[in-house]
There are 2 protein chains.
Amino acid sequence: MPPARRSRTASSKSAAAPADIPALHLTRFLPYRLSVLANTVSHTLAKLYEKRFGITIPEWRIIAVLGGGETMSAGEIAQRTAMDKVQVSRAISRMLDSSLILRESGDTDRRKALLTLTPKALAIYAEIVPMALTYEDEVTDALSIDERAQLDTLLSKLQARADQLAARPAPVAAQVEPVEE
Amino acid sequence: MPPARRSRTASSKSAAAPADIPALHLTRFLPYRLSVLANTVSHTLAKLYEKRFGITIPEWRIIAVLGGGETMSAGEIAQRTAMDKVQVSRAISRMLDSSLILRESGDTDRRKALLTLTPKALAIYAEIVPMALTYEDEVTDALSIDERAQLDTLLSKLQARADQLAARPAPVAAQVEPVEE
DNA sequence: CCATTTTAGTTTCGTTTGAAACTGTTGCAA
DNA sequence: TTGCAACAGTTTCAAACGAAACTAAAATGG
């Protein structure tokens, strides 16, 4: 069932009486729901990774993109994992310490370091991928086949829109001085 | 279109050759997609809140649940916002500093503090709710009416399942010693 | 060529986080 | 009662984070 939509009456700015302010219920607020769901899922998975392999989510992501045996630069990893370069840099230095990754500076461009997984990391990859996919399956088991396809579509559309809105410069017009009582 | 499902061949544990390991593409991996989407959305919204009102997401959530003018304890807030008590405690102390919240210790139970928004915070509530709903609308504008209903259903089902899986005790059987090369 | 800008990645710094320990209060039970 | 467990909330400490400054190498262009 479509959620009952709240009415959006104009709000009087100084109202201490909450009566005419449109209500917002967090539990029906999309950003909140997404955040809670993503959190639950990530957290569960992170505990699994941590317990079994002692790695964090950033490290797992790097293993995931390099798991095919490819070699790439930190920048490429950042793009593919949607992490920023600082996060990638730190994860890589942790992985160097635990010899999960190999770094050799590029031949043609000495700024770019070529990164490859070590056999140790590849062994983790081989074990962690089935684990991750199993967990994903367990979650999506809550859905019918049709619903899984819907989910795929919806997530893509929402991400595209969210990206678009995120890229939009801050609404300058609404820039007013902070609220005072 | 339903995402092409990856085959799940058995993996040889020590394989340094990546050939027979089931592939995992982050961009199709549900936990990753959820995390990126939730992140994009939260981040965009957080910047809006911060710019306009100088508040963080935890503070916004507290304002959201107390915005009706109700009074409740920190514990209740924690439940309703899905934040843990530490996060709530810290947000409240920030809000006390900026006089967004009022705390009076309970009469019958002096452990529980009764929390209420100040008029200043209610004014923020009145302004922020339309902003938040507008952003939500902008995001969901990417979807048809049908799709919005689907989204509601899917998120509820996924959250229920994720909660269930999170509550499940860690798979003890899989507890093996860390991977060594 | 040399000076400037751009790019790749790292470091730093102040803040936020999460887990665990802690304080104070209430409820329960011998 | 008083002694102990459970509860509400806070503090502490170490790890993780993000933004911005920084270093080093390549590309640009006058």
Side-chain angles (χ1 to χ4, degrees), chain A residues 35-36 38-40 42-47 49-51 54-62 66 71-98 101-116 166 170, chain B residues 35-36 38-40 42-47 49-51 54-62 66 71-98 101-116 166 170:
Chain A
S35 159
V36 173
N39 234 322
T40 309
S42 290
H43 206 257
T44 304
L45 215 36
K47 272 197 304 202
Y49 298 159
E50 153 62 31
K51 270 223 172 108
I55 63 173
T56 63
I57 288 191
E59 292 165 37
W60 143 247
R61 285 190 181 172
I62 291 176
L66 290 180
T71 286
M72 62 184 79
S73 71
E76 265 175 281
I77 292 178
Q79 280 193 320
R80 299 227 211 166
T81 56
M83 302 192 285
D84 71 62
K85 58 182 183 169
V86 178
Q87 233 178 332
V88 170
S89 170
R90 285 197 269 237
I92 287 174
S93 82
R94 282 195 300 269
M95 292 172 80
L96 284 169
D97 289 347
S98 47
I101 216 167
L102 218 81
R103 171 163 62 186
E104 33 178 347
S105 58
D107 222 36
T108 62
D109 187 336
R110 254 173 315 171
R111 285 171 309 178
K112 294 188 188 177
L114 306 175
L115 302 163
T116 324
Chain B
S35 160
V36 172
N39 233 320
T40 309
S42 290
H43 205 255
T44 304
L45 215 35
K47 272 196 304 201
Y49 298 158
E50 152 61 29
K51 271 225 170 108
I55 65 174
T56 63
I57 287 191
E59 291 164 39
W60 143 247
R61 285 191 180 171
I62 291 176
L66 291 179
T71 286
M72 62 183 80
S73 71
E76 264 174 282
I77 293 178
Q79 281 193 318
R80 299 228 210 165
T81 56
M83 301 192 285
D84 71 62
K85 59 182 184 170
V86 178
Q87 232 177 334
V88 172
S89 170
R90 285 197 268 237
I92 287 175
S93 82
R94 281 195 300 268
M95 293 173 79
L96 285 169
D97 288 348
S98 49
I101 216 167
L102 219 81
R103 170 163 64 186
E104 31 180 347
S105 57
D107 223 35
T108 62
D109 186 337
R110 254 175 313 171
R111 286 170 308 178
K112 294 187 189 179
L114 305 175
L115 302 162
T116 324

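Residue numbers start from 1 in every chain, and the chains themselves are labelled A, B, ... in the order their sequence lines are given, proteins ahead of strands.
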Letter per nucleotide, 5' to 3', of nucleotides 13-28 of chain D [B base touched, S only sugar-phosphate touched, - untouched; heavy atoms, 4.0 Å]: ----BBBB----BS--

Reported OG1-to-CG distance for the pair A:T40 and A:L45, which is rounded to 0.5 angstrom: 12.0 Å

Under the salt bridge (Lys or Arg N to Asp or Glu O under 4.0 Å) test, residues paired with B:R80 that sit two or more places apart: B:E70

Short side-chain N/O contact to C:dT10 OP1/OP2 from A:R103, under 4.0 Å: yes

Rounded interatomic separation in angstrom, taking CG from B:L115 and C1' from D:dA8: 12 Å

Whole angstrom value for the distance that separates P of D:dA6 from NZ of B:K112: 17 Å

Step-by-step side chain to side chain contact (heavy atoms under 4.5 Å, CB included) determination, B:I62 to B:L115: CA-CA 10 Å; B:I62 291 176; B:L115 302 162; over 6 Å; no

Distance, nearest 0.5 Å, that separates CD1 of B:I77 from CD of B:Q87: 12.5 Å

Side-chain donor-acceptor contact under 3.5 Å, A:R61 with B:S35: yes

Listing time: all N or O pairs from protein to nucleotides 1-4 of chain C that are below 3.5 Å?
none

Length of the line joining B:D97:CG and C:dT15:P, which is rounded to integer Å: 14 Å

For atom CE of B:M83 and atom P of D:dG9, their distance in whole Å: 13 Å

Any donor-acceptor N/O pair, A:S89 side chain to A:K85 backbone, under 3.5 Å: no

Residues in side chain to side chain donor-acceptor pair (under 3.5 Å) contact with A:T71, at least two apart in sequence or another chain: A:T116

Length of the line joining B:E104:CD and D:dA8:C1', which is rounded to integer Å: 17 Å

Counterpart residues, salt bridge (Lys or Arg N to Asp or Glu O under 4.0 Å), relative to B:R94 (two or more places apart): B:E59

With B:R103 via salt bridge (Lys or Arg N to Asp or Glu O under 4.0 Å) - residues at least two apart: none

Whole angstrom value for the distance that separates P of D:dT10 from CD1 of B:I77: 10 Å

Per B:S73 side chain, nearest of listed nucleotides C:dG9, D:dG9, D:dT10: D:dG9

